[in-house]
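In what follows, a single structure is set out as structure tokens and then discussed.
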Amino acid sequence: MAALFDLHCDTLTRNLYSPYEKETETLDNPAFHLSLGKMPAGTKWVQCFAVFVPDEQRGEDAVKFFDRAAASFHQQAEWHKNRLADCRSFAEMEKAIESGKFAGLLTIEGGTALAGQVERVQAVYDAGVRMMTLTWNGSNELASGHDTENGFSAFGREAVAEMERLGVIVDVSHLNDRGFEDLLGFVKKPFAASHSNARAVCGHRRNLPDAFIREMVRREGLIGLTYARPFLSDDGRGSLDDFYRHVCHFLELGAEKCIALGSDYDGAGVHPELDSVEKSLKIGEYLTEHGISREIAEGICFGNAWRFFEKWMG
């Protein structure tokens with residue numbers, strides 16, 4: 001059976017960015033990178049659907065944006081319940097896969113969804129969120145993304161502790177280098193980078209330097225390799241060959257149990273080789289054809305993320 005576990009897509013909120021009031025069907029729109037109807041029936045598929053809260057959304061506006069997108073996810077999951085299960089626990093993920101359904105997980109990209117209130121961690125958990133990217137490109141109440149230089153705030157430290165208590169996986173994609181270094185000083189559990197590549201292979205500052213990758217390996221973290229062209233190659237091509245180069249580099253750093261997939265579908269430009277969700281199923285075969293063992297390829301495409309969420313998802 002083909003298997004895929006994707007840690008990040010922006011499909012859910014693609015039509016909510018502007019104007020923010022507009023709600024439309026997104027999970028099965030054939031015009032998008034990711035559409036439920038594109039994935040072959042019988043595929044063992046877990047998909048994380050991010051609520052991307054833009055940096056400019058703050059306070060009550062950010063809360064309303066999140067609430068609207070989360071409600072849309074749950075409504076659409078109900079509409080597509082014959083194919084998609086709205087999962088809030090690992091047991092529900094297992095049940096979905098065993099029954100032949102796709103498993104959907106709600107996540108957040110952008111800690112502005114907390115509106116600077118630690119109580120909001122419980123609120124988003126209750127809404128089904130099981131992973132949160134702490135920042136986007138700019139700064140927020142928790143920390144700063146790669147466009148800014150600030151480290152963690154006191155609130156950010158408090159929010160991370162509450163996320164760990166509840167089982168909301170901490171996601172460091174977009175977090176700047178200073179913030180990553182700050183996090184290492186107080187985080188208690190393994191954390192993820194849902195859609196990040198290797199800076200040594202592609203120099204974009206959104207990618208992870210080797211020292212950070214080694215630290216995540218040491219802490220048994222999880223890194224989803226993104227298909228976004230600017231993060232795959234310096235020339236912006238972003239082909240499967242470029243993806244393979246990143247895999248090889250991660251393997252050189254001992255990350256074979258830590259790497260997964262984090263497509264960034266419907267949130268970034270993607271090479272035609274990977275620009276539709278069913279094309280992700282090519283990755284495992286491509287890797288084995290290029291000398292990666294089947295065990296490692298299957299871990300990248302599904303197993304590593306499955307085991308991580310089994311252990312750390314609340």
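Here, residue 1 is the first one in the sequence, and each next residue gets the next number.
- Separating the OG atom in Ser196 from the CD1 atom in Ile223 is a distance of 8.0 Å, to the nearest 0.5 Å.
- Evaluation of the side chain to side chain contact (heavy atoms under 4.5 Å, CB included) rule for Ala305 yields Phe5, Leu7, Leu222, Ala260 as partners, not counting sequence neighbours.
- For Glu295, the CD atom sits in a loose shell: 12 or fewer heavy atoms of surrounding residues, nucleotides or ligands are nearer than 6.0 Å.
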As a quick check of understanding, evaluate salt bridge (charged side-chain N to carboxylate O under 4.0 Å, His left out) for Arg307 and Glu310, giving each step before the final call. CA-CA 5 Å; Arg307 289 185 289 270; Glu310 179 181 17; over 6 Å; no
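- A distance of 10.5 Å separates CG of Asp6 from SG of Cys301, quoted to the nearest 0.5 Å.
- Phe180 has its side chain out of reach of Asn176: every pair of non-hydrogen atoms, C-beta onward, lies at least 4.5 Å apart.
- Annotation: side chain of Glu141 is not in contact with side chain of Leu114 (no heavy-atom distance under 4.5 Å).
- A search for side chain to side chain donor-acceptor pair (under 3.5 Å) contacts involving Lys81 returns Glu78, not counting sequence neighbours.
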In sequence, state the C-alpha distance, the side-chain angles, and the governing distance for Lys101 and Trp45, and then conclude on side chain to side chain contact (heavy atoms under 4.5 Å, CB included). CA-CA 8 Å; Lys101 294 182 180 182; Trp45 180 25; over 6 Å; no
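- A continuous path of hydrophobic side-chain contacts links Met39 to Tyr227 [ILVMFWY only; heavy atoms under 4.5 Å].
- When the side chain to side chain donor-acceptor pair (under 3.5 Å) test is applied to Arg199, the partners found at least two apart in sequence or on another chain are Asp177.
- In this structure, Thr107 and Asp171 have side chains that are not in contact, with every pair of non-hydrogen atoms separated by 4.5 Å or more.
- Across every non-hydrogen atom of Ala193 and Val172, the tightest pair is CB-CG2, 3.8 Å.
- Judged by distance alone, with hydrogens and angles left aside, the side-chain atoms of Thr133 form a donor-acceptor pair with the main-chain N or O of Ile108 at under 3.5 Å.
- Residues that satisfy the side chain to side chain donor-acceptor pair (under 3.5 Å) test with Thr226, not counting sequence neighbours, are absent from this structure.
- Sorted by first then second residue, the salt bridge (Lys or Arg N to Asp or Glu O under 4.0 Å) pairs that include residues 270-293, not counting sequence neighbours, are Asp275-Lys279.
- A cation-pi geometry, defined here as NZ or CZ lying under 6.0 Å from the six-membered ring centre and within 45° of its normal, does not hold between Arg130 and Phe309.
- Closest of all the heavy-atom pairs between Gly314 and Tyr125 is C-OH, 3.6 Å.
- Classification of the Tyr244-His290 ring pair by plane angle, with boundaries at 30° and 60°, yields tilted.
- For His74, there are no ring pair (Phe, Tyr, Trp, His ring centres under 6.0 Å) partners, not counting sequence neighbours.
- In this structure the side chain of Gln47 never reaches within 4.5 angstrom of the side chain of Leu36, judged on heavy atoms.
- Pairing each heavy atom of Val51 with each of Ala69, the nearest pair is CG1-CB, 3.6 Å.
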Go through it in stages, so that I can follow the logic: the residues are Phe90 and Trp306, the test is ring-ring contact (aromatic ring centres under 6.0 Å, His included), and I'd like the CA-CA distance, side-chain angles, deciding distance and then a yes or no. CA-CA 9 Å; Phe90 185 77; Trp306 183 260; 4.7 Å; yes
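- Judged as a side chain to side chain donor-acceptor pair (under 3.5 Å), the pairs with a partner in residues 27-37 (not counting sequence neighbours) are, in order, Asp28-Ser35, Asp28-Arg83.
- In this structure, Lys311 places its NZ atom where only 12 or fewer heavy-atom neighbours from other residues, nucleotides or ligands lie under 6.0 Å away.
- Nearest heavy-atom pair, Asn150 versus Ser144, reported as atom, atom and distance to 0.1 Å: CB-OG, 3.0 Å.
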Intermediate values then yes/no, side chain to side chain contact (heavy atoms under 4.5 Å, CB included), Phe102 and Val46: CA-CA 6 Å; Phe102 308 143; Val46 182; over 6 Å; no
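- Put simply, the side chain of Lys44 does not reach to within 4.5 Å of the side chain of Leu4, judged on heavy atoms.
- Between Phe186 and Phe152, the ring centre distance stays below 6.0 Å.
- Within the structure, salt bridge (Lys or Arg N to Asp or Glu O under 4.0 Å) contacts touching residues 219-233 (residues at least two apart or in different chains) are Glu215-Arg219.
- Gln57 places no side-chain N or O within 3.5 Å of a backbone atom of Phe65 that could act as its donor or acceptor partner.
- Across all their heavy atoms, Ser239 and Arg237 have their closest contact at OG-NH1, 2.8 Å.
- In summary, Asp67 and Lys64 do not engage in a salt bridge, as defined by a charged side-chain N under 4.0 Å from a carboxylate O.
- Qualifying side chain to side chain donor-acceptor pair (under 3.5 Å) partners for Glu60, counting only residues two or more places apart in sequence or in other chains: none.
- Ring orientation note: the planes of His204 and Phe231 are nearly perpendicular, at an angle over 60° on the 30°/60° scale.
- With contacts defined as side-chain heavy-atom distances shorter than 4.5 Å, the pair Thr135/Thr148 does not qualify.
- A donor-acceptor contact shorter than 3.5 Å is absent between the side chain of Asp10 and the backbone of Asp264.
- Here the NE2-CG distance, from His271 to Asp241, works out to 8.5 Å after rounding to the nearest 0.5 Å.
- A donor-acceptor contact shorter than 3.5 Å links the side chain of Ser99 to the backbone of Lys95.
- Relative orientation of the Phe308 and Trp312 rings is tilted, given thresholds of 30° and 60° on the angle between their planes.
- Considering only heavy atoms from C-beta on, Asn207 comes within 4.5 Å of Cys202 through its side chain.
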Mind running side-chain hydrogen bond (donor to acceptor under 3.5 Å, both in side chains) on Tyr265 and Ser280 for me, showing each step along the way? CA-CA 11 Å; Tyr265 276 144; Ser280 291; 3.0 Å; yes
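- In terms of the ring pair (Phe, Tyr, Trp, His ring centres under 6.0 Å) criterion, residue partners of His195 (sequence neighbours excluded) are, by chain and number, His8, His174.
- Checked against side chain to side chain contact (heavy atoms under 4.5 Å, CB included), Ala198 has the following partners two or more places apart in sequence or in another chain: Val201, Ile213, His246, His249, Phe250.
- In this structure the side chain of Val187 reaches within 4.5 angstrom of the side chain of Glu164, judged on heavy atoms.
- The distance from atom CZ of Arg206 to atom CG of Asp147, rounded to the nearest 0.5 Å, is 10.5 Å.
- Heavy atoms only, all atoms of each residue included: Gly151 and Asp182 are closest at CA-OD2, 3.2 Å.
- Listed by chain and number, the residues in a ring pair (Phe, Tyr, Trp, His ring centres under 6.0 Å) with Phe66 amount to none (sequence neighbours excluded).
- Remark: Arg245 CZ to Ser233 OG distance equals 7.0 Å, nearest 0.5 Å.
- A donor-acceptor distance shorter than 3.5 angstrom exists from the side chain of Ser153 to the backbone of Leu142, with no hydrogens or angles considered.
- No continuous path of ILVMFWY side-chain contacts below 4.5 Å connects Leu166 to Val63, so the two sit in separate hydrophobic clusters.
- Of the inter-residue distances, the one linking Thr112 atom OG1 with Asp61 atom CG reads 10.5 Å to the nearest 0.5 angstrom.
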